[in-house]
Every structure is written in C-alpha cells, then in structure tokens.
Number of protein chains: 2
Amino acid sequence: MALQPRNISDAGLRRLAAYHKVLQEMLLAGTPTVSATGIARVLALEPSQVRKDIEATGIAGKPKVGYPLAVLIRWIEDFLGWNNTKQAVLAGAGSLGSALLGYQKFRQLGMDIVAVFDNDPLKVGRTIHGKQVFFPDKLPSFALGAHIHLGVIATPASAAQATADLMVAGGIRALWNFAPAHLRVPDFVVVRNEDLYDSLASLTYKLEKRMAAERKAAAEVCAPVESAVVLLDACTW
Amino acid sequence: MALQPRNISDAGLRRLAAYHKVLQEMLLAGTPTVSATGIARVLALEPSQVRKDIEATGIAGKPKVGYPLAVLIRWIEDFLGWNNTKQAVLAGAGSLGSALLGYQKFRQLGMDIVAVFDNDPLKVGRTIHGKQVFFPDKLPSFALGAHIHLGVIATPASAAQATADLMVAGGIRALWNFAPAHLRVPDFVVVRNEDLYDSLASLTYKLEKRMAAERKAAAEVCAPVESAVVLLDACTW
DNA sequence: ACGGAATCGAGAAGACTTTCTCGATAAGGA
DNA sequence: TCCTTATCGAGAAAGTCTTCTCGATTCCGT
C-alpha cells in the first residue's frame, strides 16, 4: 500500500480514461494482471508515465507482475468518479445535443442526462432519446430541485453564456461546454470546453506544416535537375 | 517586424483559435486595434501569455496601441492554415457524423468535407447535408484521386482502426478522430483525438473533488454543533 | 515639446510534466 | 535454493509551458 495521492494533470486524467478502455479490452481477453509496460506498449506511451499516472490513483502494484486487472479498473473508475453517477441536464436539442443524448455509455462513465432544455417551441414537450424537452426558464428550479450539479451546453454560441448563467443559478457546479464561446462563470464552477473550432486549429496547423515540409523535401529532391535523371520518377507530379 | 517564428504548444494553438473568435467580435464592434491586455481580459488569461502566443505567429505590435485588428485576424488565419482550405473526407454517417456535416463554419476554418463514407447499405447512395454517402472501400481511391489529406473519423470504436487504415492508404495525412479508440498510424500522419469519454473523465474527477470539498467545508461549519446555534442557518440542507 | 501612461518584445525565473535512473522486490527456472 | 528477469516506486534530471520583469517605444494630454 502506501502511495500518497499525488496531483494529476488534466492530460493525466485523460490518459487514465484511455487506460480504462484498454484495460476493459484486456479483461474481456481474460488477462488477470497487467503491467505499466503492457499498457504503455498498447498506447505508445512511456512506461514510467503510465506508472506515474496509476500512482496518482493510489493503487499499488507488485514487482514483476504488475497490477491486478479487475482491481485496477475499479480503482480508476472510483478515482475518476465514474462509480458515483451524477445526474446532468442538457441545454440545446440540436443535432449535437441529440447525438450526445444517444451516447448511452455516458451513464457508465458517471454522467446521466435526465432532462433536456431548448427554447424552440417546436421541440419543447417532445421526447428525444427518451428524455423530455423543456423550456430553458424551467432549468434553474429543476436543477435545484433535483440537486443536479452537472450541465452540458450544446446550444449555439450566442445562447451559451445565458445558458451557463441559468445553470449556475440552478446550482450546477460543472459545465461541459460544446458551444464555441468563452463562458464567464464564478470560480466555484468547473468548465470543460469542447470547442471543435479550437481543436480544428491545431489539426489544420499541423497538417499545413506537414504538407509544407513534404513539399520542401520533394523540391529538394527534384530541384537540382542538372544532377540526375534517375530521380525523375520520384517526382511524378 | 523581426519576430522569428517560435515553437507553439498545442494549448497555444487552441488559444489562438479562441483569440480569433474574440477578435472577430471586436471587428464587428468596430475597434481598429487591440492589445494583448485587452484580449487577456476577455478570456481571463495572462497578458504575457497572449503576447507570447501572438509572437508565435510572427506579427508585430506597436507599444501603447497593440495590434491592428484586421491584420491580426488575417495573420492568425494564415498561421493556422485557415485561408488554405483543405478538402476532407468523413467516415461514419451516424448522428455525430451528421452533426459534423451540419457545421458549415468548418469551411471558413480551413476544412471542407466533400464526401461521406459509411458501410450501412441503407445510407450509401443517399445524401446528407448535400454530401453523397459512399461505401468505405471507395475511400482510398477517392482520396488519392482528389488529393485529399484530411480525414474525419466518426465511426463506432470497433470500426475506427480499419477506417484509419483506409484513410492512410488513401494518402490522408491528418486524422480527426471522434471514435473512442487509440489509432495506430504511421509517424507521418497527424492524429487529433476528440474522445468524449476521455474528456468526461477530467470533468467528473473535478466535479467529484469539488463537491467533496464543499461537503467537507459544510461539515466543518456544521460539525461542532456544540459551538453555536448562530451557524445553523449556514447549513440549510 | 515634454512627461506620464500603456504597451510591446524578449529574456529570466518559476511552475509544472515528462522522462530517466536506480534500488528493491517478486516470480520462475536451473 | 539461488540466479535471472521483469517490474514497481520514487527521487532526480530534463524538458516544456507559463508567468514575471524590465528596457524600449509610442501615444496623448498639458
């Protein structure tokens, strides 16, 4: 035992979730134990990093053997709060909101969306994936009454701040924000932004850089035309 | 001028995208220039961090004034590759894939999804948001023929690796992966994972920690019952 | 024209993350 | 039983990212 709980970074938390996925596959395969080295190999990470992340959960492994698989899975779930399911409200019943409602696996991962709010009168009163849609002005009292502390925002950017305000007023303490907007909330509210436009930025940047590097490499091969005809077939464009 | 281009972190790239959003709002408001301080205030960041990020793009500002707004916007777009639109293919025409197809703004942000692939015979041949759906086996030749280098994976996890393989075979160099699976791809392929389960991990962890801290704080106030009746109204639960 | 205030640019310092290294420990085979 | 091998745990080192600091620059009001 021992292992004082350490601080863990955001990246570390995401890696733990990835480990959890890998471990469940291994469980199905019937492996009884797993080593940090084994997990690292699957995910192409450093074994010492996996060990550090697992250390953060407080579980202890055995030299030469590793960690007992079932126990480690359970430990990670407890650590991430997945065994203590939290009810959640969803704002925005558009295509993204509907898609999120369809993710039944969320419930196993600690989140259960119990109600949906949208200000489109055509949607209010209807049922999406088994959840009823309400007007947003009902949100605060509903959340307060049901002691809900988790809110998912899948509205257009223009409605995101107002929605966040409603949620905070309803006692929500954690926001999962899919709208491309920066939310201003009190310090005691946790926000996780899932802005696709921001994510796209790093991808387009890296792709552009990669392609530029490739073009440059190709040019370096083809530029000295005087040098060789044998290289021509490397430049088929 | 001057300003040698520096390395920028992934987080920095995401912040640049956030700045871009803020700047466009300011442009609509008619502001001619903007300072790093001003951006930082809106997004609750450190001014020096904003300055460092902007430095990375290579644009130079003027003391006491800041940066010319229109130029800075354009500079960020160029830096992120948003003015050089890249065609993309999408795999998976489920609810998430359809939602992604509906994001018309992607085109302004450097990505244009031109074709959809799904192995559901009921979907193949149909049109979603104006894009035709094809069988996945057509993907490699299509991508090669159209010189497409960007692929979006919105399939179930079980199909993600096979889809990635098809895309790599089709010359794709950057993958935006929404499936909860770890993809094994060659080194020259850039992958950006958008795994919602991983994201949820950090949120549930933080929420749980926050709520535990609140319970503890409440307990500390209420526990020494012998001490005071005046504190009772602080414990209204 | 001058002084004060705001801002930039860039290096230094600090904080945080990841990787390295090594002693200790447990399993399995000779 | 002993030796080899794989692994853990944890501190040290290296690396990366963020924040601090300060001189230089520019604007604006007097």
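B:Asp10 has a carboxylate O that lies under 4.0 Å from a charged side-chain N of B:Arg192, or vice versa, which qualifies the two as a salt bridge.
Taking both residues in full, the closest heavy atoms of A:Leu69 and A:Leu23 are given as CD1-CD2, 3.4 Å, listed atom of the first, atom of the second, then distance. Pairing each heavy atom of B:Thr33 with each of B:Pro68, the nearest pair is CG2-CA, 4.2 Å.
Side-chain contact between B:Arg210 and A:His149 is absent, with no heavy atoms from C-beta onward closer than 4.5 Å.
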Per-nt protein contacts along nucleotides 12-21 of chain D (heavy atom under 4.0 Å; B base, S backbone sugar-phosphate only, - none) come out as -----SSBB-
How would nucleotides 24-30 of chain D be written as a contact map, 5' to 3', with B for base contact, S for sugar-phosphate-only contact and - for no contact, using protein heavy atoms under 4.0 Å?
-> -BBB---
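A:Ile54 has its CD1 atom 12 Å from the C1' atom of D:dG9, to the nearest Å. Rounded to whole angstrom, the span from the CZ atom of A:Arg14 across to the C1' atom of C:dT18 amounts to 18 Å.
Proximity of a side-chain donor or acceptor of B:Arg184 to a complementary backbone N or O of B:Gln161 within less than 3.5 Å is not detected.
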Candidate pair B:His182 and A:Val22, rule side-chain contact (heavy atoms from CB on, under 4.5 Å), full reasoning | CA-CA 9 Å; B:His182 173 77; A:Val22 171; 5.9 Å; no
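Ring geometry, A:Tyr103 versus A:Phe106: the interplanar angle falls under 30°, so the pair is classed parallel (tilted spans 30 to 60°).
The salt bridge (Lys or Arg N to Asp or Glu O under 4.0 Å) check on A:Arg173 picks up B:Glu214, with sequence neighbours excluded.
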